[in-house]
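Both ligands and their constituent atoms are indexed starting at 1 by order of listing.
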Amino acid sequence: AQAPVNVTVTGAAGQIGYALLFRIASGQLLGADTPVKLRLLEIPPAVKAAEGTAMELDDCAFPLLQGIDIFDDARQAFDGTNVALLVGARPRSKGMERGDLLEANGGIFKPQGEAINAGAADDIRVLVVGNPANTNALIAQAHAPDVPAERFTAMTRLDHNRALTQLAQKLGVSITDIKKLTIWGNHSATQYPDIFHAEVNGTSGAAAVNDDAWLRDDFIPTVAKRGAAIIEARGASSAASAANAAIDHVYDWVNGTPEGDWTSAAIPSDGSYGVPEGLISSFPVVSRNGSWEIVQGLEIDAFSRKRIDASVQELSEERDTVRKLGLI
Ligand code: NAX
């Protein structure tokens, strides 16, 4: 029998955690043949709630779930772990400036990076979900010098999935008719969902839409501001859809992306497409042999260039801020 894979989830008692843990335990994160052990990390006041979730996980009698451990100490939570889902983060409170937010999150992601460096398994893969996700990933990575940099990624798969559905609904096609959509840049309102390289039943996405006003004034802002629209409607931020995207990201990373398609993930830039090296920015990516690769050779027109550059500029500014704060 296969040895269990250790999966650490931070913020396990939060709303994304609640939507995520059951899907991991049921085999959807890694595959239906892979047993898992869960390691939950929470802050002390939320440990009891995490214990409650663990009781419910027990009560599902998942055949693949081989154990659950709960910690309030990062060193212990990441010890021997193979997959780390960094969900817990410090939310922006009223009156908080971006610098304050980055600093507060530095207090979480710096020690977690150190703990991953100290004790995670050699094949550790990290997905940061907690916002500001790209820069939190950069902070964690900076404190894990012994882990290959490309093992630190941030989530833009929810944005990717949102864009897929918006485009499918506009064209009256199904999700499976659309390939090669891309989210570029930061997981923030500046992100750029790109349909110019997308294929809809074999023709270009932009040509299939043939409606520049919709693209510019409807599609792009709808995808970029979808998180706020969910809060407005639901009275709480996206949780099940965020958990679903985290499942998709890790599943594809481990098992590979389908031939003839790609997806979106924020990974460390190698300088491709003019994105400064080292920034953790969203790209069109495929996963081969357990590693993400940036899709190369796409033509970027002026419309796309402007939007990619604006989002990447924001990431550069975030990196400058955390540098000044001594967080990287
Ligand atoms: P919740 O506030 O429900 O849960 C967060 C949990 O993290 C809490 O239980 C809290 O106790 C815990 N936590 C805080 N500090 C911690 C630490 N140092 N170690 C371990 N646990 C810690 O938030 P939830 O709705 O679950 O969202 C979690 C994060 O995901 C937020 O930062 C949110 O902004 C982010 N999101 C990211 C998305 C993405 O696409 N990348 C989309 C969804 C979501 O908005």
For [X], atoms of ligand 1 separated by under 4.0 Å from a heavy atom:
| X | result |
| --- | --- |
| Ala13 | 9 (O) |
| Ala242 | 42 (C), 43 (C) |
| Gly11 | 6 (C), 7 (O), 12 (C), 20 (C), 21 (N) |
| Ser237 | 25 (O) |

Practice item. Check whether any heavy atom of Ser238 sits under 4.0 Å from an atom of ligand 1. Key: yes

**Study point:** Sub-4.0 Å heavy-atom contact, Pro91 with ligand 1
**Key:** no

Exercise for review: Compute the shortest N/O to N/O distance between Asp159 and ligand 1 and return yes if it is under 3.5 Å, no if not.
Suggested key: no

Review point. What is the closest protein heavy atom to atom 19 (N) of ligand 1, and at what distance does it sit?
Key: Gln112 NE2, 3.5 Å

Review point. When you measure from atom 26 (O) of ligand 1 to every protein heavy atom, which one gives the shortest distance, and what is it?
Key: Ile16 N, 2.9 Å

Revision key, fill the gap. In terms of heavy-atom contacts, Leu86 and Phe109 come closest through CB-CE2, 3.8 Å

Study note, to complete from the structure: A student comparing Ala133, Ala89, Ala19, Ala154 should find that the heavy atom closest to atom 14 (C) of ligand 1 comes from Ala89

Review point. So, are Asp309 and Arg305 salt-bridged, with charged N and O less than 4.0 Å apart?
Key: yes

